[in-house]
Novice: 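Structure in structure tokens, see below.
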Amino acid sequence: MLEVLRRSFALPEWLTANMDPFETLIITIISQNTTDRNTKRAFENLSGKFHITPEALANAEVEEIERCLKPAGLYRNKAKVIKEVSRIVLEKYNGSLNSILEKPFEESRRMLMELPGVGPKTADVILLFSGGKPTIPVDTHVKRVSKRLGLAPENGGYEDVRKALQSLFNAGDYLDTHILLISLGRKYCRARNPHCGECPLRILCPSRSC
DNA sequence: GCCCAGGTGGGTA
DNA sequence: TACCCACATGGG
């Protein structure tokens, strides 16, 4: 199945497993419930105004961060969370997430999820993209596509879907799996989508009516 | 005008 | 534990 998806979608060139953890954290918070385009706009505003470091963002005026984040929506929440999480990383973790990422997987994940604005999805993105840890972040696309394809239980929650997917793919493919399922979901498997019939996995899809 | 987008956290039962 | 809802702008 991954081979079909690899042939159908290009993986982004920036895709590696060693992105800067703090930058990944900030981008992922901005991206919550937001399109890529608006995430990019907001992040460019923010990185144009501040260094993306715990020091700079912890000391920034929250109103300044809010102005940068407006294009992404939910900007008051996100600005408050970014300032607060920056302060915690600075004061509690000496300005770096590396000490968290060096811990064993479960402990590392738990510590990340104790940070404000960091739930399972955001924690898994940081673990996968910046920690090189074996996990598959489950966003709305991944969840929907996995259920449509029968890869995960229909009534499963976040952890059910994540564990089902991880049992089906090799750990070395988790990064590609995450990205390719999102690509698939975005393009073909969503409400009121006219392109469903062109889906490269339509043979596998039980509903065939995305 | 309406619906949804790469979620999280707080509240309620 | 399991849902429900606020948060908010931009694009189809």
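Chain A is the first sequence line, chain B the second, and so forth, proteins listed ahead of strands; every chain is numbered from 1.
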Novice: For the side chain of A:K121, starting at C-beta, report the closest nucleotide among C:dG11, B:dT8, C:dT9.
Specialist: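 Closest nucleotide among those given: B:dT8.
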Novice: Quick one: side chain to side chain contact (heavy atoms under 4.5 Å, CB included) partners of A:S31, sequence neighbours excluded?
Specialist: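 With sequence neighbours excluded, A:S31 shows a side chain to side chain contact (heavy atoms under 4.5 Å, CB included) to A:T28, A:T39, given in chain and number order.
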Novice: Ignoring backbone atoms, establish whether A:T35 has a side-chain N or O less than 4.0 Å from OP1 or OP2 of C:dT9.
Specialist: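 Negative; the distance criterion is not met.
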Novice: What's touching nucleotides 9-13 of chain B from the protein side, N or O pairs under 3.5 Å?
Specialist:
residue: B:dG9; atom: OP1; partner: A:G117; partner atom: N; Å: 2.6
residue: B:dG9; atom: OP1; partner: A:V118; partner atom: N; Å: 3.4

Novice: Measuring only the P atom in each nucleotide, how far is B:dC3 from C:dC5? A whole number of Å is fine.
Specialist: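 Comparing P positions in B:dC3 and C:dC5 gives a spacing of 15 Å.
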Novice: Taking any heavy-atom pair under 4.0 Å as a contact, classify A:T39: base, sugar-phosphate, or nothing.
Specialist: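 Here A:T39 touches no strand at all.
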Novice: Taking the side chain of A:R186 as its heavy atoms from C-beta onward, which of B:dT8, C:dG12, B:dG6 lies nearest to it?
Specialist: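 Nearest nucleotide to the side chain: B:dG6.
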Novice: Enter the distance from A:S108:OG to A:M113:CE here, rounded to the nearest 0.5 Å.
Specialist: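 If I round to the nearest 0.5 Å, the distance is 12.0 Å.
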Novice: State whether A:R41 places a side-chain N or O below 4.0 Å from either non-bridging phosphate oxygen (OP1 or OP2) of C:dG10.
Specialist: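 Indeed not, no polar side-chain atom of A:R41 lies that close.
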Novice: Could you measure between the two P atoms, the one in C:dA6 and the one in B:dC4, and give it in whole Å?
Specialist: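 Per the computed distance, 16 Å lies between those P atoms.
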Novice: According to the Watson-Crick and G-U wobble definitions, with both distances under 3.5 Å, which nucleotide is paired to C:dC4?
Specialist: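 B:dG10 is the nucleotide pairing with C:dC4.
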Novice: Not counting sequence neighbours, list each pair that qualifies as a salt bridge (charged side-chain N to carboxylate O under 4.0 Å, His left out) and has a residue in residues 21-31 of chain A.
Specialist: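 For residues 21-31 of chain A: none.
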Novice: When the side chains of residues 52-65 of chain A are checked against the rest of the protein, which donor-acceptor pairs come out under 3.5 Å, sequence neighbours left out?
Specialist:
residue: A:T53; atom: OG1; partner: A:A56; partner atom: N; Å: 3.1
residue: A:N59; atom: ND2; partner: A:E55; partner atom: O; Å: 2.9
residue: A:E64; atom: OE1; partner: A:K49; partner atom: NZ; Å: 2.9
residue: A:E64; atom: OE2; partner: A:R67; partner atom: NH2; Å: 2.4

Novice: Using heavy atoms and a sub-4.0 Å distance, could you list which residues of residues 66-74 of chain A are near DNA chain C? By number, please.
Specialist: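 Contacts with DNA chain C under 4.0 Å: A:K70, A:P71, A:G73, A:L74.
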Novice: When you measure from every atom of DNA chain B, which of residues 24-34 of chain A have a heavy atom less than 4.0 Å away?
Specialist: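 Contacting residues: A:S31, A:Q32, A:N33.
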Novice: For the pair A:D160 and A:K147, find out whether any cationic side-chain nitrogen is under 4.0 Å from an anionic carboxylate oxygen.
Specialist: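 No salt bridge links A:D160 with A:K147.
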Novice: Please tell me which of the listed nucleotides, C:dC7, B:dG6, C:dG10, lies nearest to the side chain of A:N38?
Specialist: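 Output: C:dG10.
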